[in-house]
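All residue numbers refer to positions in the sequence shown, counting from 1. Remember, it's 1-based here, ligands and their atoms both numbered in the order they're listed.
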Amino acid sequence: MKPIYLDYGATSPVRPEVMEILLPFFQTEYANAGSIHDFGQRSRDAIERARKQVADSLDASSPREIIFTGSGTEANNLAILGAARKHRNRGNHVITTSIEHPSILETCKQLEREGFEVTYLPVDPYGQISVDQVKEALTEQTILVSVMAANNEVGTLQPIQEIGRLLRHTPVLFHTDAVQFYGKIPFSVQELGVDLLSVSGHKIYGPKGIGALYIKKGIRIEPVLFGGGQERGLRPATQNTPGIIGLGAAAYLMSREVEQERQRLTRLRDLCLKRIQKEIGRVELNGHPSNRLPNNLNLSFHGVEGQAVLLELNRKQIYVSSGSACSAGKHAPSHVLMAMGKSEEQAYQSLRITFGRETTESDVHQLVDHLKEILEDLRTFLRNKP
Ligand SMILES: *Cc1c(COP(=O)(O)O)cnc(C)c1O
C-alpha cells in the first residue's frame, strides 16, 4: 500500500512544474541578482517576474509591495518588529490573539521585553475573535494589530475583512499571518483591508525557506536584518533566486486553481467528517464547524490520546499530526485548544488531518477504515486496562 500523506498543514511537496522552473536557477542561471552584468540582469528579471506573480496572486496594486523573506516565520518577525519599532514614537501598544503561530507570539514576547505592551485577545470556543474585541482593546497608544487569517491547528478563520474595515481610517497598522489561508481560499489584500500580510512558499507547493511580506504602498517599517540594500533594504542578503522563482511559480499556479480546489477539498473534508461521526463516534470537531479552512479537520476522540492514534496511523503509513507540527515533540497541550477553553485531556486527544492537492476520495476512505479499527482497538484496550 502507498503511504498516505495527510499533513499538508505542516508542509506540501514542491509541484513538478515549479521544480522544473526553479532548477536552472541553481545551476546555469546562478548569477547574483545584484551583479551588474547581463548574467546578473537575467536573475534580476526572473526575480521581478516572480514578484509580479506573487503580487497578482494577492491582488496587490504593485509588485513593489512585495518583499521576499527567508520564510513565513521571518515575514511575521519583520512585520511585527519592523512595524512596532518604526512607529514607537506614536505609541507602545500592540494587539494580537492568544492563538497565533509561535512566530507571532514569540515575536510579541520580544516586543514586551523591549517595553511594548501587548494585548493577547482571548478566543471563543470555536477559536474566533470578534471585531468588537479589537475595538474595545484599542487605546490611544495602539500602533499595530496582528490577527491570523486562518489558524494552523484548528483551521478557524478570523473576521479579517471586518477588522480591516474597523482600522481602515485609523493610523493603526493591520497585519495578518495568512500563511495557512493563502492558497486555500481566494482573497484580495485590498478587500481584506490589510497593511501587512505574510505568506510562505512551502505551504502552497513551493520550496521551503522562502516567504513574502506584502507591505501596502505608503506603509513604513524598519528592517530587522542589516547588510546590502536588497529588497529595498528591508531584507538585505543575496536573494534566494531559486526559492523566489519557485514561490512565484507556485503562486501563479495556485491562483488559477484555488477556487476549484477549495470546493474539492471541502467535499473531501465533509465526507471524511460524516463517516467518522457516523461510524466511529464519540468524537468532537475542534474549531468552527463551517467557518474553517477547507482542508482542515481537527478532531478529539474521547478517551484516546491523539499521539496514540497518530502512531497507529503511522504504522499504516498514514501521516497526520497531533496539535501542530511546531509543538509536536514538546509534550505540552496545544496553546490554541487551551485558549479555546478545552480541558488538558481534550487537548491531548486532538488529531489534525489536513488534505491537499494529491488527496483523493480513496485516501479518505482508507483513512476512515483504519481509524475505525484503531479507535475500536484502543478504546477496548483502555476499557479493559486494570
Ligand atoms: C507554517 C506557518 C508559519 C511559518 O512559516 P515557515 O515558512 O514554515 O516559517 C507561520 N504561520 C502559520 C499560520 C503557519 O502555518
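Taking a cut-off of under 4.0 Å to the non-hydrogen atoms of Thr73, the atoms of ligand 1 that pass are 4 (C), 5 (O), 6 (P), 9 (O). If you number the atoms of ligand 1 from 1 as listed, the ones under 4.0 Å from a heavy atom of His202 come out as 6 (P), 7 (O), 8 (O). Atoms of ligand 1 lying under 4.0 Å from at least one heavy atom of Ser103, given by number and element, are 10 (C). Taking every heavy atom of Ser71 and a limit of under 4.0 angstrom, the matching atoms of ligand 1 come to 7 (O), 9 (O).
Residue Asn76 touches ligand 1 through its side chain alone, judged by heavy-atom distances below 4.0 Å.
The side-chain contact (heavy atoms from CB on, under 4.5 Å) search around Ser12 returns Tyr8, Tyr205, not counting sequence neighbours. Under the ring-ring contact (aromatic ring centres under 6.0 Å, His included) criterion, Phe174 pairs with no residue at all, not counting sequence neighbours.
For the residue pair Ser98/His335, the side-chain donor-acceptor check at 3.5 Å is not satisfied. Between the side chains of Lys217 and Ser62, not a single donor N or O lies within less than 3.5 Å of an accepting N or O. In summary, the side chains of Thr107 and Asn77 do present a donor paired with an acceptor at a separation below 3.5 Å, with no hydrogens or angles considered.
Taking only nitrogen or oxygen atoms, main chain and side chain alike, Gly72 reaches within less than 3.5 Å of ligand 1. By the 3.5 Å distance cut-off applied to N or O atoms, Asn152 is not counted among the residues near ligand 1.
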